Amino acid sequence: MTTAVVLGATGLVGQELINLLVQEESIETVIMITRRPYSHICEKVENHVIDFEQLDQYETLFQGNLLFSCLGTTKKQAGSISQQRKVDVDYQLQAATIAVKNNIEHYLLVSSSGANVKSSSPYLQMKGELEQSIKALPFAKTTIVQPSLLLGSRTQLRLGEFVASIVMPIFTCLPGLKKYRPIKAHTVAARLVQQALTQPESHKIVRLDEVF
């Protein structure tokens, strides 16, 4: 039987992912590692609340077959680009390194469409840097999913994302722009589970236009 470790379980994709994982008969245990408590009614879900500034003290929690990383924040939530980087790059890379040490076989990352270390966007630079670092780690398998704007029910209203969720589906109907259209968090989570259960390749990047 399979144990799945999930980072970022309280986010849009993370919540959808947890709900899908508990429905999979082949998944025996789901370990949620979060920054705040998050309860789930399924008995096979364990929630461990940790201080990500002290990740090395929680190495024993990273035990299993799969590590899903849906962790992420925004500049507004974090307070600055440097604080955002801690969550979007530093925490994630440290967690992945621990996972390698603990022989977790398959690492699955939610990144972003347009991730590129040479991008003019600090956010896309961070995502590109993380992708490069993950690819260099000796996991048996890695999966990187690159969605665009995520659609779903958020606990906090983000005005810019709300407006974009209305405008972008119309704008991206134009020829050549469909691959940038917003995507439901559930769709991303479903593809993550599919890759975890069936991926034959050692390394796979799932771009936005491949998810739909």
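Since the model is a prediction, treat every value here as computed from it, not as a measurement. This chain uses plain numbering: 1 for the first residue, then up along the sequence.
- For CD of E43, the number of neighbouring non-hydrogen atoms (other residues, nucleotides, ligands) closer than 6.0 Å is 12 at most.
- Atom NZ of K75 is surrounded by 12 or fewer heavy atoms from other residues, nucleotides or ligands within 6.0 Å.
- The line from CD of E131 to CD1 of I144 is 4.5 Å long, rounded to the nearest 0.5 Å.
- Here the straight-line distance linking atom CZ of R191 with atom CG of L17 works out to 14.5 Å at 0.5 Å rounding.
- Between T142 and L109 there is no side-chain heavy-atom pair separated by less than 4.5 Å.
- With contacts defined as side-chain heavy-atom distances shorter than 4.5 Å, the pair V22/K44 qualifies.
- Here the side chain of T74 pairs a donor or acceptor atom with the backbone of Q77 at under 3.5 angstrom.
- The number of heavy atoms from other shown groups lying within 6.0 Å of CD (E25) does not exceed 12.
- Taking CZ of R35 as the reference point, atom CD1 of I50 lies at 9.5 Å (rounded to 0.5 Å).
- Across L7 and A95, no two heavy atoms sit closer than the pair CD1-CB, 3.6 Å.
- The side-chain heavy atoms of L192 and L20, taken from C-beta on, include no pair separated by under 4.5 Å.
- Distance check: T143 OG1 to L67 CG gives 11.0 Å after rounding to the nearest 0.5 Å.
- Between R85 and E129 a salt bridge is recorded (basic side-chain N to carboxylate O distance below 4.0 Å).
- To the nearest 0.5 Å, atoms CG (L66) and CG (L197) are separated by 7.5 Å.
- In this structure the side chain of V30 never reaches within 4.5 angstrom of the side chain of E24, judged on heavy atoms.
- With sequence neighbours excluded, no residue satisfies ring pair (Phe, Tyr, Trp, His ring centres under 6.0 Å) with F62.
- Of the N and O atoms on the side chains of S119 and S121, not one donor lies less than 3.5 Å from an acceptor on the other residue.
- Counting only distance, with no hydrogens or angles, the side chain of E28 and the backbone of T2 share no donor-acceptor pair below 3.5 Å.
- Counting heavy atoms from C-beta on, the side chains of L124 and S112 come closer than 4.5 Å.
- When all heavy atoms of A115 and G128 are compared, the closest pair comes out as CB-N, 3.8 Å.
- To the nearest 0.5 Å, atom CG of residue L137 and atom CD1 of residue I104 are 12.0 Å apart.
- In terms of the ring pair (Phe, Tyr, Trp, His ring centres under 6.0 Å) criterion, residue partners of F139 (sequence neighbours excluded) are, by chain and number, Y107.
- In this structure a side-chain-to-backbone donor-acceptor pair under 3.5 Å is present from D88 to T73.
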